[in-house]
Every structure is written in C-alpha cells, then in structure tokens.
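Report on the following structure.
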Amino acid sequence: MHPNCRLYLAKRQEAVVISGKKLARQIREEARDDVEQWVSSGNRRPHLSVVLVGDNPASHSYVLNKTRAAADVGISSETILKPSDTSEEELLDLIYKLNTDHHVDGLLVQLPLPGHIDERRVCNAVSPSKDVDGFHVVNVGRMCLDQSTMLPATPWGVWEIIKRTGIPTIGKNVVVAGRSKNVGMPIAMLLHTDGRHERPGGDATVTISHRYTPKEQLRQHTQIADIIVAAAGIPNLITADMIKEGAAVIDVGINRVQDPLTGKNRLVGDVDFEGVRQKASFITPVPGGVGPMTVAMLMKNTIKAAKNILLYPPERIRMAAAS
C-alpha cells in the first residue's frame with residue numbers, strides 16, 4: 001500500500017467533531033462588532049423582547065440562554081413572564097403592544113405554548129419585521145421563494161455550520177430526517193434551493209423523511225447521502241450501519257434520556273454519536289453542536305430587525321396573516 005493511502009485511512013478513522021460552541025463564538029463576535037458599529041453611528045442599541053408563557057423548565061432555560069447571549073453581544077433585552085392560564089386574547093394584546101412599541105426591535109414568543117393557545121395564530125400576530133424566530137407566514141413564504149427574510153434560527157444555524165465548515169452541498173445528496181415546519185422543512189428549503197437567488201440556497205438534492213418513512217427505506221436514502229441532518233426527535237435514529245463512509249452528519253435532535261449507569265437524565269441527539277463518528281467525515285455533538293448556533297443566529301436576526309432591513313407594508317402583512 002502506498003504510504004499516502006495508509007495516512008488517509010488513518011485520518012478517516014474518526015470524524016471531525018464540529019464545535020457549535022466555537023462557531024457560535026465567532027458569530028457572536030461578528031454580532032458584537034456589528035452592534036457596536038451601529039450604536040457608534042448614533043443609532044439606538046437593539047432591543048429584544050421575549051415573551052414566556054407558563055413554567056416549562058426547558059423553555060425557561062432556553063430563554064435564559066437567549067437573554068445572556070443578547071447581553072454578551074450588546075443587545076438589550078427583557079423577558080416578559082406570563083402565567084400558564086393566560087388567555088390567547090391576552091397574549092395577542094401583549095404582542096400588539098410590543099409590535100407597536102418603537103423601542104422593541106426583535107420580538108419572540110417562546111414555544112411551546114400551553115395547549116389552549118393557537119401557536120400559529122400567535123406566530124402570525126408578531127410583526128414580520130420584528131419576527132426574529134422567522135415563524136410568521138410572510139417570512140416563511142419569503143424563505144420558500146428564496147427572498148431575503150428572517151430565517152428561522154435553528155435551520156440558519158445548520159446552514160452556517162455546513163457553510164463555515166466547508167462541507168460542499170452543490171449537487172450532493174442530502175437526507176433531512178424530520179419535516180417540522182420550524183426545523184426540518186426550512187433546512188430542506190435552504191439546502192435544495194438555487195444558489196444564484198436573492199437568498200442563496202445549497203443546490204443539493206434533498207430527501208425528507210418522516211414518521212411514516214419505513215426504517216428500511218430511510219436506510220436506503222441515508223446510505224447514499226453525502227449529508228444527513230437528523231431533526232426527528234428520536235434517539236439513535238441514525239446509526240453507523242445507515243451511513244456511507246465519509247458522510248457529514250448534523251444532529252439537531254434534543255432528547256432527554258435516562259442514563260442506565262447513573263439513573264440521571266442526560267441530553268442526546270438523534271444520532272448514535274460514538275458509532276457514527278467512526279464512519280463519518282464530520283459530526284456535530286449534542287449538546288454543544290446546533291444548540292449554541294441557534295442562539296447566535298437569533299442575535300443576527302435581532303440586529304437585522306433593528307436595522308429595519310426588512311420593511312413590509314402593514315396592510316399586506318394583515319392580509320397574509322388573516323388568510
């Protein structure tokens with residue numbers, strides 16, 4: 001065997017573990033510079049308002065991460081806590097007040113909401129120009145049409161991981177496991193769309209799997225995939241036997257499972273990390289992969305909102321949200 005071949009095989013034994021924390025630090029530094037430049041030019045400091053309904057511990061933890069990140073990059077923020085029995089109308093009234101408050105640049109309502117509140121109605125109530133989550137129907141529509149918009153933070157984070165790591169997408173086979181409207185669908189949209197458009201896409205060939213995709217059929221798709229994005233919320237959905245040598249694997253899953261040794265809960269993704277890393281070229285860990293990127297992209301969206309980069313005629317917004 002040629003010595004270079006042996007060297008290549010030695011290198012290929014384990015995947016490069018992509019540090020989402022490190023990439024997120026870079027993005028937050030960019031955001032911090034952006035904010036300071038904006039403020040030093042005589043503009044008001046960007047402000048993010050977060051509405052949190054109920055006492056879901058995970059939601060409280062996520063919101064704390066977001067407000068800490070805001071402080072880190074120089075964005076002022078507030079968290080508005082509402083009890084879990086808050087009515088839908090009360091929540092919509094609050095959103096209307098924040099929409100019309102000129103001191104509020106970015107606005108997000110932390111999901112999930114209590115069962116008696118219609119999440120879609122709430123997402124559509126947030127002004128698209130303040131919608132830092134990118135969930136308003138106008139922003140979703142613009143994303144699907146490859147137009148500049150507020151991109152949902154987790155899919156945008158996945159996109160940035162792929163781009164900044166130098167993983168090629170043009171003409172590549174991609175499997176996105178999971179079809180949720182906030183994660184799976186936008187990731188597939190960003191990866192398959194035209195790279196020459198206003199909001200450039202990845203020009204990949206994308207297959208989306210979901211709960212009705214038979215496991216054997218999923219395996220057939222993942223075995224020819226150059227990139228696998230696991231976003232189904234199922235621990236160990238993607239195992240080493242399902243991927244080809246050298247595939248890039250991005251794990252978006254966040255699952256709390258009980259550790260059989262300690263009996264304590266721990267966070268795992270949708271990918272069998274230890275098994276898959278022996279075969280993949282790149283892999284993201286859970287925690288420390290996509291999670292920190294989500295928060296970093298949210299900061300970018302807040303700056304975009306503060307700069308009023310996206311201005312929509314109000315009457316069109318009302319018509320779109322009501323339809």
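For the numbers below, each heavy atom of this structure counts, side chains included, while hydrogens, waters and symmetry mates do not.
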Do [X] and [Y] come close enough that some side-chain heavy atom pair is under 4.5 Å?
| X | Y | result |
| --- | --- | --- |
| I250 | I228 | no |
| L23 | I18 | yes |
| M242 | H221 | no |
| I27 | M299 | no |
| N182 | P152 | no |
| V286 | V271 | no |
| D259 | N265 | no |

Is there a path from [X] to [Y] through hydrophobic residues (I, L, V, M, F, W, Y) whose side chains come within less than 4.5 Å of each other?
| X | Y | value |
| --- | --- | --- |
| V249 | I208 | no |
| V126 | I80 | yes |
| Y62 | L107 | no |
| V176 | L218 | no |

Shortest non-hydrogen contact between [X] and [Y], atoms and distance:
| X | Y | result |
| --- | --- | --- |
| P114 | S84 | CG-O, 3.6 Å |
| A306 | W38 | O-CZ2, 3.6 Å |
| L98 | V104 | O-CB, 3.8 Å |
| H47 | D105 | N-OD2, 2.8 Å |
| N124 | F135 | OD1-O, 4.4 Å |
| L108 | Q110 | CD1-N, 3.8 Å |

Between [X] and [Y] (salt bridge meaning N to carboxylate O under 4.0 Å), is one present in this structure?
| X | Y | value |
| --- | --- | --- |
| E30 | R164 | yes |
| E245 | K279 | no |
| D118 | R120 | no |
| R121 | E89 | yes |

Counting only heavy atoms not in [X], do more than 12 fall under 6.0 Å of its [atom1]?
| X | atom1 | result |
| --- | --- | --- |
| K215 | NZ | yes |
| H102 | NE2 | no |
| H197 | NE2 | yes |
| Q37 | CD | no |
| K163 | NZ | yes |
| D55 | CG | no |

Using atom types as modelled and distance alone, determine if a side-chain donor or acceptor of D203 lies under 3.5 Å from a backbone N or O of G195.
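Yes; judged by distance alone, with no hydrogens or angles, the pair exists.
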When you look at T149 and N139, which way does the side-chain hydrogen bond (donor to acceptor under 3.5 Å, both in side chains) test go after all the steps?
CA-CA 6 Å; T149 190; N139 286 327; 2.9 Å; yes
Measure from NZ or CZ of K304 to the centre of the six-membered ring of W156 and say whether it is under 6.0 Å with the direction within 45° of the ring axis.
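That pair qualifies as a cation-pi contact.
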Once you round to the nearest 0.5 Å, how far does SG of C123 lie from CG of D133?
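One finds 7.0 Å between SG of C123 and CG of D133.
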Any chance you could lay out the salt bridge (Lys or Arg N to Asp or Glu O under 4.0 Å) test for E216 and R219, step after step, and finish with the verdict?
CA-CA 5 Å; E216 197 42 54; R219 184 193 307 275; 3.2 Å; yes
